[in-house]
Protein chains: 2
Amino acid sequence: MTGATSGAPSRSDAVRNRRLLLDAAAKTFAERGVEVSIAEIAQCAGVGKGTVFRHFSSKEELLAAIMLGMLDELMDTATELLTADDPGLALREFMAAGVQLLVRDRAFCEVVGRPSLQNPQVRAAIDRLCDAGEALTARARERGVVRPDLTGTDVVLLLAGIQHTAAPLLSTEPQAWRRYLELALDGITARTGRELPHPPPRRLPLASPHPDSGC
Amino acid sequence: MTGATSGAPSRSDAVRNRRLLLDAAAKTFAERGVEVSIAEIAQCAGVGKGTVFRHFSSKEELLAAIMLGMLDELMDTATELLTADDPGLALREFMAAGVQLLVRDRAFCEVVGRPSLQNPQVRAAIDRLCDAGEALTARARERGVVRPDLTGTDVVLLLAGIQHTAAPLLSTEPQAWRRYLELALDGITARTGRELPHPPPRRLPLASPHPDSGC
DNA sequence: AGCTAAGCGGACCAGCTGGTCACCTTCAGC
DNA sequence: GCTGAAGGTGACCAGCTGGTCCGCTTAGCT
């Protein structure tokens, strides 16, 4: 075994380098997406490439470590909002927090949007987030502030959709996501009487085995 | 000059191979995104790799040829819908056509969503599409069937957002986009009285020069 | 049929990636 | 300060990519 997944290192220099590495990776992944090379992350952290693989056995593991941190952060927000007074406002704030996180981090968008990039831990964290989203949505539904056929999975999926809507504008209008969040909120609170045309998704599917073309 | 952009070939075998190539590329790009290799496209078409570069001077040019075809198709739909009786229904059908195109083609999503992948011709076609979207939206706005501060660029951006919302469900619920299209339609037709919180984007920005991290 | 230029194709190249490893440096306990 | 082990590192590797090139094939005119 070369790369060590084995817990936190003990030596002071190792602790420091691990911190530098996580910070550098978080920053570069956020700005450029999952495609940044390990070499670049190492350079950004001011360490050698070998050091990266000493701390994380693969690029995927490094990425997962950072994604899990962000998912946990959003999960904490959701948990806190579950005890808020106004369920409608709580749902809005959850969505705003989620979209903001997505807007700020390109790798985060790519990972949550593409099941094939998800390792089991990330996948589990996303599932937990959907559950939290469901709880928040249920409270809002009971109060009648959102349409009755809206689910938590709908809400979580919408976060990515809103981010993606505003994405092309990011460089010139970094706050444009607020416009589309509002549009989405108006959509999910609409009391049209009609049901939505497609049944709500019960669960996010696992990664499709292969998009393999039949050529 | 090796690769030839120079118009259509004259010899019958060349014409046939070009057709095979375009079909294979459209299929593989649609299924797997812009990252499919030229080698794979060539294999799928049943020709050698060199033949690809004889017909298209670069991968980007091949991709652009296909993307332009799809953009033109959507543009035709939009033009036709501009003369429809019901502007509200026309806008809905335009959006349905756009989302459907995006859902069926992964490369199309990637190209329209990321300015850095757009060559000038593709870019121009997207701009024209935004203009058509603006015309359709204007008609709907005048009839009061959509909120007064909705623009054509909003509508075009929403297409990508809706597709992205439904994307994780694609393998198990290929029609889920209809649900989120309806949600978006309810959002843009909502008569809340309030203005949306962020001013409408006037124009899609060009590719940002570099997401270059300051490391 | 014969000729010629257009077309074809796959070995090849440079450049990139994630990941490995043997050697060297440094921490920390004594 | 000595020492042993943990940590750091960059040359290196295999595998991939887009793109080139030149010898071979073939279409299509005469």
Side-chain angles (χ1 to χ4, degrees), chain A residues 1-25 28-29 32-66 107 110-111 116-117 119 212-213 215, chain B residues 1-22 24-25 28-29 32-66 107 110-111 116-117 119 212-213:
Chain A
M1 174 175 15
T2 306
T5 314
S6 39
S10 48
R11 255 173 62 170
S12 66
D13 55 346
V15 174
R16 177 178 45 90
N17 277 341
R18 190 186 173 89
R19 184 74 265 147
L20 286 170
L21 221 36
L22 282 167
D23 290 347
T28 53
F29 276 138
R32 319 252 304 271
V34 299
E35 299 222 333
V36 284
S37 69
I38 290 290
E40 192 164 351
I41 292 171
Q43 195 195 354
C44 179
V47 303
K49 205 172 72 158
T51 304
V52 179
F53 289 101
R54 177 168 295 281
H55 287 273
F56 303 92
S57 62
S58 69
K59 183 183 181 180
E60 191 198 319
E61 193 187 300
L62 170 58
L63 181 62
I66 290 167
E110 290 166 4
V111 168
S116 61
L117 289 174
N119 79 359
D212 206 27
S213 66
C215 289
Chain B
M1 177 177 10
T2 305
T5 314
S6 38
S10 49
R11 251 173 66 167
S12 65
D13 53 347
V15 174
R16 177 179 44 91
N17 278 342
R18 191 187 172 89
R19 184 72 265 148
L20 285 170
L21 222 34
L22 282 168
T28 53
F29 276 138
R32 319 254 303 272
V34 299
E35 300 221 333
V36 285
S37 69
I38 291 288
E40 192 165 352
I41 292 170
Q43 195 195 353
C44 180
V47 303
K49 208 172 70 156
T51 303
V52 180
F53 289 102
R54 172 166 300 277
H55 288 273
F56 303 92
S57 61
S58 69
K59 184 183 180 180
E60 190 197 319
E61 192 187 301
L62 171 57
L63 180 62
I66 290 166
E110 291 165 3
V111 168
S116 60
L117 290 174
N119 80 358
D212 207 26
S213 65

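Throughout, a chain's letter reflects where its sequence line sits, starting with A, and its residues are numbered from 1. Everything numeric here is computed off the predicted structure, so don't read it as measured data.
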- request: Return the value, rounded to whole Å, for the distance between atom NZ of K49(B) and atom C1' of dC21(D).
  value: 12 Å
task: Not counting sequence neighbours, which residues clear salt bridge (Lys or Arg N to Asp or Glu O under 4.0 Å) with E35(A)? List them please.
output: none
- line: Smallest heavy-atom separation, N119(B) atom then A64(B) atom, equals ND2-CB, 3.3 Å
- prompt: In degrees rounded to 10°, what angle is found between the helical axes fit to the five outermost pairs at each end of the helix from dA1(C)-dT30(D) to dC30(C)-dG1(D)?
  reply: 10°
- line: On a heavy-atom basis, the closest approach of A65(B) and F56(B) is CB-CE2, 4.2 Å
- request: Provide, to the nearest angstrom, the distance between the CD1 atom belonging to I38(B) and the P atom belonging to dG9(C).
  value: 15 Å
- prompt: Hey, which of these two, K59(B) or T51(A), hits DNA chain D nearer its 5' end, going by closest nucleotide?
  reply: T51(A)
message: Minimum heavy-atom separation for E110(B) and V34(B), please, with both atom names.
response: OE1-N, 2.8 Å
- request: Give, for atom CD1 of I66(B) and atom OG1 of T28(B), the distance between the pair rounded to the nearest 0.5 Å.
  value: 7.0 Å
query: So, is H55(A) close to the dG7(D) phosphate, meaning a side-chain N or O under 4.0 Å from OP1 or OP2?
result: no
- prompt: So, is S12(A) close to the dA28(C) phosphate, meaning a side-chain N or O under 4.0 Å from OP1 or OP2?
  reply: yes
- request: Let me know the distance between CD of Q43(A) and P of dC16(C), rounded to the nearest Å.
  value: 13 Å
message: What's the closest nucleotide to the side chain of R11(A) if the choices are dG8(D), dG7(C), dT26(C)?
response: dT26(C)
query: Heavy atoms under 4.0 Å, any strand shown: does V36(B) hit a base, just sugar-phosphate, or nothing?
result: sugar-phosphate
message: Regarding dG8(D), can its base be found pairing with the side chain of R54(A) as donor and acceptor, where the two atoms are less than 3.5 Å apart?
response: yes
task: Remember a base hit wins even if backbone is also touched, and classify V47(B) as base, sugar-phosphate or nothing at under 4.0 Å, heavy atoms.
output: sugar-phosphate
query: Could you give the CG-to-P distance, from L21(B) to dC8(C), as a whole number of Å?
result: 9 Å
- request: Examine distances only and state if a side-chain atom of K59(B) and a backbone atom of V36(B) form a donor-acceptor pair shorter than 3.5 Å.
  value: yes
query: In Å, rounded to the nearest 0.5 Å, how long is the span from CG of N17(B) to NE2 of H55(B)?
result: 5.5 Å
query: For L62(A) and dG19(C), what is the distance between atoms CG and P respectively, to the nearest whole Å?
result: 10 Å
Closest listed nucleotide, where the reference is the side chain of S37(B) and the choices are dG8(D), dA27(D), dG18(D): dG18(D)
- prompt: Rounded to the nearest 0.5 Å, how far apart are CZ of R18(B) and OG1 of T51(B)?
  reply: 12.5 Å
query: Think N17(A) has a side-chain N or O under 4.0 angstrom from the OP1 or OP2 of dG8(D)?
result: yes
message: Classify G48(B) by what it touches in the nucleic acid, base, sugar-phosphate, or nothing, heavy-atom distance under 4.0 Å.
response: sugar-phosphate
query: Between atom CD1 in I41(B) and atom P in dG19(D), what is the gap in whole Å?
result: 11 Å
task: Let me know the distance between CZ of R19(A) and C1' of dG7(D), rounded to the nearest Å.
output: 18 Å
field: Residue closer to the 5' end of DNA chain D, A14(A) versus E35(B) (nearest nucleotide)
entry: A14(A)
query: How many Å lie between CG on D13(A) and C1' on dC24(C), as a whole number?
result: 14 Å
query: The side chain of F53(A) lies closest to which of these nucleotides: dT9(D), dT26(C), dG19(C)?
result: dG19(C)
